[in-house]
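Everything below concerns the one structure shown next.
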Amino acid sequence: QDEVTLQLKWVTQAQFAGYYVAKDKGFYEEENLDVTIKPGGPDIAPEQVIAAGGADVITTWMAAGLAARERGVPLVNIAQPFKTGGLQVNCLKSAGIETPEDFPGHIMGVWFYGNEYPFYAWMASLGIETDGADENGVSVIKQAFSADPLIQGQADCISTMTYNEYGQVLDAGITEDELVTFNYLEMGFGMLEDGLYVLEENLEDPEFRDKMVRFVRASMKGWKYAEENPAEAAQIVLDNDETGAQTLEHQEYMMGEVAKLTEGSDGTLDPADYEQTVKTLLSAVSAENPAITKEPEGAWTHDITDEALK
Amino acid sequence: MRTILPVAVVVAAIVAFWYLAAIPMNIHFAVTSAQRAGAEVTPESGAERRNMGAIALAARNPAQWTDSWTQAKPRLPVPHQVVAELWRTTALQHPASKQSLVYHGWVTLSATVVGFAIGTGLGILLAIGIVHSRAMDMSVMPWAIASQTIPILAIAPMIIVVLNSIGVQGLIPKAIISAYLSFFPVVVGMVKGLRSPDAMQFDLLKTYNASRSETFWKLRLPASAPYLFASLKVGIAASLVGAIVGELPTGASRGLGARLLTGSYYGQTVQIWSALFATAILAAALVAIVAGIERATLKRMGLAT
Amino acid sequence: MTQVPVIESKNLDLTFETADGPVAALKDVSLQIGAGEFVSFIGPSGCGKTTFLRCVAALEEPTGGSLTVNGMSPEEARKARAYGYVFQAAGLYPWRTIAKNIRLPLEIMGFSRAEQEERVNRVLELVDLAGFGGKYPWQLSGGMQQRASIARALSFDADILLMDEPFGALDEIVRDHLNEELLKLWARTGKTIGFVTHSIPEAVYLSTKIVVMSPRPGRITDVIESTLPQERPLDIRDTPEFLEIAHRVRDGLRAGHAYD
Amino acid sequence: MTQVPVIESKNLDLTFETADGPVAALKDVSLQIGAGEFVSFIGPSGCGKTTFLRCVAALEEPTGGSLTVNGMSPEEARKARAYGYVFQAAGLYPWRTIAKNIRLPLEIMGFSRAEQEERVNRVLELVDLAGFGGKYPWQLSGGMQQRASIARALSFDADILLMDEPFGALDEIVRDHLNEELLKLWARTGKTIGFVTHSIPEAVYLSTKIVVMSPRPGRITDVIESTLPQERPLDIRDTPEFLEIAHRVRDGLRAGHAYD
Amino acid sequence: MILIIAALALWAIMWTVNVRLANGESAGTSTVRLLVPLLFGLTLLAMWELVVRGLELPIVILPAPSVIAERVAGSGPTLWVDFKQTFLKGALGGYAIGCTAAFLTAILVDRWDFLRRGLLPVGSFVAALPIVGTAPILVMWYGFDWHSKAAVVVLMVFFPMLVNIVAGLQDTTQMQRDLMKTYAASYWQGLFKLRLPAAMPFIFNGLKISSTLAMIGAIVAEFFGSPIVGMGFRISTSVGQLALDMVWAEIVVAALAGSAFYGVVALIERRLTFWHPSQRR
Ligand SMILES: Nc1ncnc2c1ncn2[C@@H]1O[C@H](COP(=O)(O)OP(=O)(O)OP(=O)(O)O)[C@@H](O)[C@H]1O
Ligand SMILES: Nc1ncnc2c1ncn2[C@@H]1O[C@H](COP(=O)(O)OP(=O)(O)OP(=O)(O)O)[C@@H](O)[C@H]1O
Ligand SMILES: Cc1ncc(C[n+]2csc(CCO)c2C)c(N)n1
Ligand SMILES: [Mg+2]
Ligand SMILES: [Mg+2]
């Protein structure tokens with residue numbers, strides 16, 4: 001069996017259900033692979049891990065992947081299980097926000113750690129400054145981990161994932177009609193989320209390519225299985241969560257939402273989505289948004305997915 | 001015995017204050033959920049409540065006070081919730097289950113102990129070097145102090161990644177971070193201890209024409225024992241902190257640190273607090289064990305009654 | 001008493017380099033001590049008594065003059081373990097029992113286990129501490145501790161015994177008692193003893209030779225050969241002979257003393 | 001010397017409760033001290049000299065008998081700042097200069113700035129330390145420190161001076177000197193002095209009355225009224241009269257002494 | 001490979017030089033006292049540089065000191081605003097509040113022994129709560145700005161300070177206390193004229209320990225939520241952006257500021273407790 005190490009971008013949760021399902025259901029084994037899945041966390045940059053040789057393949061958002069590429073870690077997208085993105089901004093209507101024009105003067109929670117690029121691109125296109133709350137600017141805070149800032153009233157808008165924090169907001173008793181939701185994709189600042197990335201130089205090795213082909217094939221099989229059997233997938237994720245902190249209820253919710261994002265993808269990257277991501281990133285290059293400064297080249301390949309889907 | 005009553009009084013005061021403080025802390029959510037369940041609350045508008053002070057809101061809605069002690073995800077969980085969670089995740093779980101704090105505590109403890117051993121060993125060796133070599137004394141000491149001003153949480157991920165890349169994973173990276181935090185108190189205490197004998201005690205050995213190693217074994221080392229133990233108590237607590245910090249970037253999957261972190265991703269405050277208390281209890285136990293060894297050793301050495 | 005000199009110092013100088021400039025602790029000190037003599041050093045604080053004894057013990061390096069111990073350099077004598085040294089405070093290691101404290105030099109000098117045992121018992125008896133070997137230092141009174149430290153210096157049977165105010169911290173009555181004991185011990189063993197003290201009666205009572213020193217720079221102002229008999233009961237101290245010697249010592253002291 | 005008693009103790013008892021059971025430090029101590037007397041307490045270690053002085057100073061609570069100071073209870077006398085106390089070690093606060101140390105009681109007792117200044121200068125002169133006021137304690141020799149601590153006790157001019165082995169840590173020569181000074185000071189000020197010592201010559205030289213104590217439980221074995229004249233040069237110590245008193249003291253001591 | 005060997009050779013040479021210096025004639029002078037650790041540090045830096053270049057480590061793993069230095073020089077304004085936010089507001093604010101609170105508590109605790117016996121064990125338990133657990137809670141309670149960072153710092157420094165001050169206030173000899181009693185001094189006179197001065201060395205010991213804790217606490221707390229300025233914010237964000245040179249630049253600032261802070265406290269200690277034997281030379 002060939003060994004493959006996969007570094008996730010975040011902790012074990014249904015966001016990565018496909019991989020856990022593939023492992024648990026023996027899809028990897030069928031491909032003669034022995035896959036180790038390493039959970040991530042806020043302190044882990046998968047790009048750094050793969051550069052140091054700690055993983056063969058990582059999941060990350062394309063913005064971070066392209067940024068790493070510019071900084072000398074030549075990552076290549078080999079598959080894109082997430083067709084659409086789940087990143088959105090939720091604001092409280094009670095804070096007086098209905099449309100983006102209402103933002104100035106408010107506090108907005110943003111995820112940093114490589115996730116901040118679409119936000120800055122969006123603000124740049126709206127002409128809203130991000131240096132403090134006044135008539136033409138917003139005050140940005142680095143939002144950590146959870147949906148707390150909105151629930152606790154520390155921010156008027158926060159970043160959420162449809163499949164995670166949004167659910168936590170609703171759980172906390174804030175109803176959907178108390179909220180305004182801005183979806184980055186719908187606003188044209190979409191950015192490809194969880195994709196699979198490897199180091200460019202490794203792809204030159206046919207043995208490695210072959211491994212990746214099998215890996216992607218099995219992973220996609222896992223994803224499709226998870227979409228069809230959300231309850232079972234959630235349970236598998238729960239079984240793989242070593243912290244023992246996850247609840248089945250929340251993972252089932254998450255699986256349901258994640259399935260909506262993976263639904264349209266067979267793993268093949270849609271170049272149009274790639275173009276939109278690059279456009280978003282390039283649209284507001286600044287000190288706060290140094291993701292990429294020039295059009296990347298060779299940042300993706302269809303070779304693996306083509307081979308895998310044959 | 002003399003301490004039990006005062007401690008009990010202080011703890012009782014803290015617990016009472018805690019329950020009181022939980023009311024304003026949790027009152028917003030308590031009132032909102034009560035309203036959703038159909039209760040009469042003042043003021044009725046959610047927006048108005050949001051802009052209102054917690055204490056004022058609590059004063060206007062005394063009926064919701066008890067609700068603020070029973071929430072699933074309170075801002076401030078109350079003592080009985082924390083105790084119940086601790087009980088649920090220790091006594092009521094199989095110790096090897098990942099739901100069990102015993103299991104996570106064990107994961108953290110093993111890294112702590114290994115890190116403590118490395119840190120103590122390194123600290124003692126450094127101290128021996130510093131005491132015996134002027135060059136080392138002058139060169140190393142300022143940098144040892146400087147090393148402690150580096151935020152370990154910032155470099156922990158890099159340490160993990162670098163060690164990972166050379167194939168070291170699992171317990172050892174965590175233990176190294178833990179050692180990084182614990183070596184310093186040991187160096188400081190041990191240097192002090194190895195230098196604690198007075199000039200006369202050294203001169204005595206000189207009159208016997210004792211060698212450096214004899215001086216070390218027969219004078220410096222025994223004389224340093226009280227200092228060493230004092231630092232070990234600081235060191236083991238630091239080791240525990242190090243192990244927890246080291247758990248955050250190792251994929252945050254197992255251990256008390258991981259529990260703390262995942263608890264905060266999902267706003268599970270009760271889980272955070274119980275992990276916090278589990279950590280403090282573990283720290284207290286570790287310090288108590290070192291203190292016990294200290295007492296026994298010093299007694300055997302005739303340095304304590 | 002004109003044997004071969006055991007300790008011989010010629011024009012000995014010692015200057016300490018300190019932050020405030022050089023301090024001349026010893027200046028031009030010449031002295032001969034024969035085998036079996038009991039020599040006391042007396043003088044005001046800071047006159048260099050300790051320094052001289054430390055030079056003999058090779059704990060301090062003279063900056064001028066010559067000094068021999070048993071015909072060797074002090075350093076060689078130290079390596080040959082030619083002397084036992086008793087410090088002002090007992091300086092017992094608190095983590096060792098009395099017996100183990102006495103055994104310390106024996107361990108370092110590589111005596112066999114059996115011999116260690118035997119010697120420890122012998123000297124414990126010698127200083128009247130038999131039965132206290134298993135006690136820790138802090139379980140003993142000051143006087144007993146000081147006797148233990150003497151036993152420690154005696155255990156390896158060096159011919160020379162150097163004592164730096166060994167009874168300085170004890171009260172007068174205990175001190176009287178230990179003085180008597182020390183004299184007996186000296187008579188029995190015939191060792192050469194160098195003894196630093198602040199007390200005039202003590203010096204006169206114990207010594208065959210009293211060296212009076214004056215401070216800054218420390219030099220010898222008087223060397224008094226005692227005319228007292230070998231046999232000295234405690235109340236010899238009320239005899240006119242004793243008082244006369246004491247008077248001479250006091251005069252010598254007063255001459256060189258600056259009071260503070 | 002049969003004035004009104006300044007310090008009067010009747011059947012005074014003091015038993016310390018310790019972990020090992022009660023320790024009788026003082027038993028049935030009766031004593032009268034008149035105004036202007038210089039009373040020395042002498043006795044072997046642990047006989048309760050310090051304890052008695054501390055009772056007088058209200059630093060210790062007797063468990064039986066009665067004790068008055070200036071006709072008041074010791075506690076009241078303390079509150080009335082009736083005495084100055086000099087401890088065995090100088091006990092100067094190292095963070096204060098000598099002058100500031102001496103000023104300490106004056107600050108506490110609320111003297112005006114100007115008066116503080118004046119008194120400090122006066123007592124500094126009195127103990128021969130003029131010019132050293134700006135130094136820190138550790139910059140002075142032991143003898144000078146001890147004099148500073150006496151100055152501190154004198155500064156607020158209490159009628160009683162209690163001194164617990166004030167010169168115990170000093171060498172004999174410095175001690176002689178300070179003894180002389182102390183006598184002069186006493187003569188000049190006419191204070192009542194309670195003085196604890198281990199040294200027989202010191203006790204005899206200084207006192208108008210010598211209280212000899214014996215240990216366990218501490219009791220008074222002898223009270224010797226001195227027959228020495230008021231005027232006492234240092235070499236009074238070689239007179240037969242002096243030696244006789246010393247002898248009597250020594251006998252009293254020896255009687256109650258257990259050596260260790 | 002050559003560079004690695006060069007690093008080792010450099011080490012050997014520098015170490016020999018240092019041994020010579022430390023044991024040489026002028027070892028006591030302040031120049032040598034400064035020179036030796038400086039040389040040692042420079043040697044470590046040079047070795048780091050050589051190893052990074054020798055092994056051709058990518059910047060996202062470990063940047064070379066020269067790269068870090070360049071970043072420090074090039075990002076002055078950013079580093080300065082971060083420093084202001086984290087150190088001047090968070091760390092110093094928390095340090096001041098924490099030390100003051102500990103001081104006042106220590107005086108209470110010292111006055112009532114019952115409190116001391118009750119509070120110290122409980123306090124040591126609270127002090128064992130790990131910062132990575134308390135920081136998110138405090139951010140939740142005190143908001144995202146520096147107040148919550150200061151709160152974390154307060155929590156970190158309070159107990160070490162309390163223990164030290166309480167120990168210091170009790171570090172008087174029986175004789176010193178009796179002296180006060182013979183003057184019939186009041187409680188406050190005893191406190192201000194005896195116990196507080198006597199406690200100074202302990203207080204400074206606590207202040208020194210706390211100075212490094214304050215710096216670390218303020219930075220770490222920013223990992224758990226912050227405005228978009230601050231050293232902790234920059235470090236965590238830059239890691240995500242793989243700008244490791246920026247991360248290290250902030251670490252350098254942190255270490256410099258922390259060491260300087262420690263040094264300043266030590267200097268004041270020297271000034272105020274010159275009388276203590278440990279400070280006399
Ligand atoms: N290591 C040293 N460095 C500098 N000066 C020293 C040192 N040791 C002693 N001295 C000085 O040398 C002089 C002689 O000191 P020494 O200890 O020999 O005196 P002493 O006669 O033994 O005095 P004491 O009776 O107080 O023990 C003193 O002035 C002392 O300050
Ligand atoms: N606080 C105390 N608790 C218990 N026992 C005490 C205490 N203070 C003194 N003692 C005991 O009381 C007895 C008398 O002590 P005290 O200090 O008065 O003796 P002393 O005559 O001053 O001795 P020294 O000459 O050694 O100073 C001793 O046996 C001592 O151990
Ligand atoms: C510190 C921090 N950064 C980012 C997110 C947002 N987030 C939610 S899920 C996920 C994984 C994306 O693949 C990410 C990045 C967070 N919650 N906390
Ligand atoms: Mg000496
Ligand atoms: Mg006494």
Side-chain angles (χ1 to χ4, degrees), chain A residues 9 42-54 60-61 63-75 107-117 119-120 130-133 138-146 148-149 151-155 158 199 287-292, chain E residues 55-64 67 71 74-79 81-82 85-86 132-133 135-149 152 219-248:
Chain A
K9 179 156 176 73
D43 256 337
I44 293 180
E47 305 82 18
Q48 202 185 10
V49 173
I50 197 172
T60 191
W61 290 7
L66 296 181
R69 196 174 169 82
E70 246 197 50
R71 283 176 186 73
V73 183
L75 292 179
I107 302 174
M108 307 191 68
V110 176
W111 284 323
F112 282 79
Y113 214 74
N115 304 314
E116 66 272 37
Y117 307 125
F119 171 78
Y120 280 106
T130 54
D131 56 357
V138 293
S139 195
V140 179
I141 59 174
K142 186 185 88 163
Q143 175 188 340
F145 316 132
S146 63
D148 276 341
I151 300 170
Q152 309 286 355
Q154 291 166 330
I158 59 163
L199 287 176
E288 292 93 27
N289 181 24
I292 52 174
Chain E
L55 295 180
E56 290 176 354
L57 290 178
I59 195 172
V60 301
I61 305 278
L62 187 65
V67 177
R71 169 57 59 203
S75 302
T78 308
L79 293 173
V81 293
D82 290 347
Q85 168 76 14
T86 303
V132 287
I137 294 172
L138 290 170
V139 170
M140 177 161 96
W141 290 356
Y142 293 101
F144 280 71
D145 208 351
W146 62 271
H147 308 91
S148 58
K149 317 305 174 291
V152 170
I219 291 180
V220 168
E222 286 181 350
F223 281 50
F224 300 88
S226 66
I228 50 171
V229 57
M231 300 165 79
F233 164 77
R234 198 74 57 199
I235 289 175
S236 69
T237 302
S238 301
V239 172
Q241 300 173 342
L242 296 188
L244 269 285
D245 51 346
M246 192 65 192
V247 174
W248 280 98

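Here is how names work: the chains are called A, B, and so on, in the same order as the sequence lines, proteins then strands, and each is numbered from 1.
- Using a 4.5 Å cut-off between heavy atoms, A:Gln48 touches chain E through backbone and side chain atoms alike.
- Between A:Pro149 and E:Phe144, the shortest heavy-atom contact is CG-CZ, 3.5 Å.
- Shortest non-hydrogen contact noted between A:Ala52 and E:Ile61 is CB-CD1, 3.1 Å.
- The line from NZ of A:Lys142 to CZ of E:Phe223 is 7.0 Å long, rounded to the nearest 0.5 Å.
- In this structure, CD1 on E:Ile228 lies 11.5 Å from CE on A:Met108, to the nearest 0.5 angstrom.
- Looking at E:Val229, there are no atoms closer than 4.5 Å to chain A (heavy atoms on both sides), in backbone or side chain.
- At a 4.5 Å heavy-atom cutoff, the contact between A:Val73 and chain E is made by side-chain atoms alone.
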Could you go through the side-chain contact (heavy atoms from CB on, under 4.5 Å) check for E:Gln241 and A:Tyr117 one step at a time? CA-CA 10 Å; E:Gln241 300 173 342; A:Tyr117 307 125; 3.4 Å; yes
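- Note that CD of A:Gln143 is 15.0 Å distant from CZ of E:Phe224, once rounded to the nearest 0.5 Å.
- Here the CZ-CG distance, from A:Arg71 to E:Leu244, works out to 10.0 Å after rounding to the nearest 0.5 Å.
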